[in-house]
Enquirer: 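Have a look at this one before I ask anything.
Nothing here was measured: the structure is a model prediction, and the numbers come from that model.
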Amino acid sequence: MTHAERPADGGWAWPVAFILLAALVVLAAGIGLRSPWPADEPRFAQIAREMVESGQWLFPMRGGEPYPDKPPVFIWLVALFYLATGQLKVAFLLPSALAGLGTLWLVHDIGRRLWGRDVARYALLILLFTPQFFMQAKSAQLDALVTFWITLGCYGLLRHFVLGPSWGWYCGAFAAMALGIMTKGVGFLPVLMLIPFALWGSRTGAGPSGKVWGARSWLGLLVLLGTLALWLGPMLWTVAASGSDALRAYRDNILFHQTAGRYANPWGHINAWHYLFTVAIPSVWLPLLVLMLTQWRRLGRLLKEDSTARVLFTWALMVLVFFSLSRGKRVVYILPALPMLCLVAGALWRRALDDGGTRTSALALRAVVVLMGLGLAALGAVAWLHPALLGPKVDDYGDVLAVIALPVLGMGVGVLALAAATWRRDALASLAAVSLLCWFALSCWVWPAMDAHRTPKALMQALERAVDARHEVGLLQFKEQFLLFSHRPLTHFSVLAPVAEQERNAWRWMQEDPSRVLLVPDSLDLACFDMHRLRVLGNAHRQDWGLLDAGAMKPRCEPPLKALRYTWRPQRLDILD
C-alpha cells in the first residue's frame, strides 16, 4: 500500500479551506432562530439552564429533580455557552455545531496523512452529503459530540499504529474515549479498533519503524480511568457524603441501569437484529451506500490490498454489529461509524478515478439527487395546493404546512437547478453543494417557520392569561419545554414516577391549597380527578392541554407510595423570547 499523494482528478476541485468554510457557515446557520424542540433538546437546554441559575453543576437537575439518564459533558458545554453568551437559544446548538466542525477537520487531517490531499477532500465531501452528519450536527442531541470524541479516539490510534509510534497520541485517544463515555456511555468504541490493529497492524507499514505494542500499552487504560475519575470521584464522594436517597438513586441509575442494563435489557426502541443495516443505513446514509454498492468489486480489492482501509472498514462493521446485538436500536446509533467509513469511501473514490471507473457511481449518485429534488418539489406543491393528500393527520399541521410549503417547493426547485448546473462536474462536489444548499435553507427558512408549531409558547401564554399570578400551577405528564417557556414557578411530581403516582401526589398537593391548579393533557385517564371538568387552554405536542382546579378533585384518592414534589422557579422570564 502506498500513502503517497496523488494528482487531483481535474474535476470541480474545491479547496479544502473553502469546503470547511462552507461547512462552518451551514453549521452556524439558523443558530438563534429556533427554540429547543422535543424530544431531547428542551431537556438538555433546561438542565443546562438550571446548572447556571443554581450554580450546582455536579448533578444535572431537571425541574429540581436529579436527571440520571445521561452523563454530564454535553450539558456542561451547553451550560458554559449559556454562561458565556447569556442566550440559551444560541447556546443549546453550539456544542453539536462545533463537534461537527471538529469531526470534519479530524477526517480531513487523518485522511491527508494516510492517503494524501485528494482522498482527504473526497472523504470530506462524502461526509458532507451523507444526510445523518448535518442531521445530528444541527440538533442539540448527544450524538454529534460523542461522534467527535470517538473520531478523535480513532484519530489518535491511527496516529500511533499507522503513522507512529506516537505514545502521546495513543494516550490522547484514551482520554478522548473517557470524554466520550462522559458524554454518552458508548464513547469507548475506539478501543474495538485494537482488534483489527492486532490482526493487521504489523502490515500497515505507513510510519517509521518502532514498537506500537508493549508494556506502555497499559498507559491507555490508566489515562482513561484517570480522566473518568475527574467526574466520578467528586460525584461518588458527594453521593456518599450526602445521605440522600435521590442522589444514591442517581448514582446507581447513571452507572448501571443506563449503561450495561440498557444495552442488555433495553426498555425502548425495540427493533429487529438487522434494523441498522436494512432501515437505518438506507435511510440516512443513502448516497454513501449507493457509492459503495456501485463500487463493490473495487471495494473488495481495496480492502484486500490496503490494510489501513481494512482496519477502518472492519472497525465500522464492528460498531454496527455491537449495536445490532442489543434489542434496543435507534438510527442515531450508527453515526459514530460514519467518519471512518467516509475515509474508506474517499480512498475507494480515488482508486475509481485512477481506473476510470466512476461513471456508473456518478450517474447513480446524480439520480439520487434528482429524485430528492423531485420529491421536495412535489411535497411542497402538494402541501401548498392540496394538503389533504398528505394524509388524515394533516389537520394537526395545517398552520405549519401553509408556512413551509413554498420554502420546501423552492428547495426542490433549487436542488434540481443545481443538479443540472453541475451535471458534468465532479459528482462528489455536486452532491456536497446540494447538501449544503438544503441544510442552509432548512436552517434559515424552514425551521424558523416551524418553531411556533414545535413549542408550547402559545399555550404558556394562555396559561398566564387564565391563571392569576398568585395561584400555583402543577404539571402532570411533565414536559421540559413548559419550564423553558414558563413565566411562573411550576410544580411537578417526579418525571420518573408513573402517572398514577404523579396524580396521587398532585391530589395531596391541591388538597393543601385549593387555589392551586393542574395543567394536564386531555388524553389522561385519571382516578383522582374528574376529567370532564377540564378547561382546555390550547394545543401543544399534538394534544390539547387544559386546567383542573379544586372543583375537579374527587372526594378520595389513594395515597402515593412516596411523597414527591419538585418546584422550579425561573430566574429569567425571557429565556427564549
Side-chain angles (χ1 to χ4, degrees), residues 40 43-44 47-48 51 57-60 66-80 95-96 98-99 102-103 106 136 140-157 160 169-195 217-239 250-264 266 315-316 318-323 325-326 328-330 332-340:
D40 296 330
R43 182 178 310 129
F44 299 138
I47 295 169
M51 281 184 176
W57 290 58
L58 188 55
F59 297 97
Y67 171 72
D69 288 8
K70 303 297 178 187
V73 163
F74 178 83
I75 300 168
W76 282 344
L77 290 177
V78 176
L80 284 172
S96 293
L98 292 175
T103 300
L106 289 172
Q136 294 305 131
Q141 294 179 316
L142 308 179
D143 302 279
L145 183 60
V146 77
T147 297
F148 168 75
W149 296 126
I150 289 171
T151 305
L152 181 57
C154 294
Y155 178 97
L157 294 179
H160 175 66
W169 275 113
Y170 176 81
C171 292
F174 281 86
M177 290 183 226
L179 291 169
I181 293 170
M182 292 160 60
T183 301
K184 195 174 182 178
V186 297
F188 66 87
L189 287 173
V191 79
L192 297 178
M193 195 175 281
L194 297 179
I195 297 173
S217 298
W218 291 104
L219 286 173
L221 180 60
L222 294 178
V223 169
L224 185 145
L225 294 175
T227 306
L228 283 176
L230 297 176
W231 163 54
L232 289 177
M235 187 270 284
L236 294 174
W237 183 88
T238 303
V239 170
Y250 168 87
R251 176 200 61 197
D252 296 343
N253 206 322
I254 195 71
L255 292 182
F256 307 111
H257 187 58
Q258 293 291 338
T259 52
R262 187 167 190 164
Y263 181 84
W315 175 81
M318 292 172 69
V319 170
L320 297 175
V321 170
F322 170 80
F323 285 119
L325 292 176
S326 174
K329 304 174 188 66
R330 298 180 62 193
V332 293
Y333 291 177
I334 67 175
L335 181 64
L338 180 61
M340 295 301 106

Enquirer: Determine whether P66 and F59 make a side-chain contact, defined as any pair of heavy atoms from C-beta on separated by less than 4.5 Å.
Expert: no
Enquirer: Mind listing the closest non-hydrogen atom pair of P336 and L189 along with its distance?
Expert: CB-CD1, 4.4 Å
Enquirer: Out of curiosity, W231 CH2 to W76 CH2, how far, rounded to the nearest 0.5 Å?
Expert: 7.5 Å
Enquirer: With a 4.5 Å limit on heavy-atom distance, are the side chains of R43 and D69 in contact?
Expert: no
Enquirer: Measuring from atom CG of L224 to atom CG of L179, what distance do you get when rounded to the nearest 0.5 angstrom?
Expert: 9.5 Å
Enquirer: At their closest point, which heavy atom of L58 faces which heavy atom of P234, and how far apart are they?
Expert: CD2-O, 3.7 Å
Enquirer: Roughly how far, to the nearest 0.5 Å, is CG of D143 from CZ of R330?
Expert: 7.0 Å
Enquirer: What are the two closest non-hydrogen atoms of F174 and L221, and how far apart are they?
Expert: CD2-N, 4.1 Å
Enquirer: Would you check if the side chain of W57 reaches a backbone N or O of M51 as a donor-acceptor pair within less than 3.5 Å?
Expert: yes
Enquirer: Which heavy atom in A178 sits nearest to a heavy atom in L228, and how many Å separate them?
Expert: O-CD2, 3.7 Å
Enquirer: Does the pair T147 and Q136 meet the rule for a side-chain contact (heavy atoms from CB on, under 4.5 Å), with working shown?
Expert: CA-CA 10 Å; T147 297; Q136 294 305 131; over 6 Å; no
Enquirer: Drop me the distance from T227's OG1 to I181's CD1, to the nearest 0.5 angstrom.
Expert: 9.5 Å
Enquirer: Please check: side-chain N/O of Y170 versus main-chain N/O of G220, any donor-acceptor pairing under 3.5 Å?
Expert: no
Enquirer: What's the verdict on side-chain contact (heavy atoms from CB on, under 4.5 Å) for L236 and L255, showing C-alpha distance, side-chain angles and the deciding distance?
Expert: CA-CA 10 Å; L236 294 174; L255 292 182; 3.9 Å; yes
Enquirer: Can you tell me how far apart CG (L106) and CZ (F148) are? Round to the nearest 0.5 Å.
Expert: 5.5 Å
Enquirer: For residues P190 and I150, report the shortest heavy-atom separation together with the two atoms involved.
Expert: CG-O, 3.4 Å
Enquirer: Grab the two heavy atoms, one from L219 and one from C171, that are nearest each other, plus how far apart they are.
Expert: CB-SG, 3.9 Å
Enquirer: Please step through side-chain contact (heavy atoms from CB on, under 4.5 Å) for the pair M182 and L230, ending with a clear verdict.
Expert: CA-CA 10 Å; M182 292 160 60; L230 297 176; 5.6 Å; no
Enquirer: Hey, could you give me the CZ/OG1 distance between R251 and T238, rounded to the nearest 0.5 Å?
Expert: 12.0 Å
Enquirer: Would F44 and Y67 satisfy side-chain contact (heavy atoms from CB on, under 4.5 Å), going step by step from the backbone distance to the final call?
Expert: CA-CA 10 Å; F44 299 138; Y67 171 72; 3.7 Å; yes
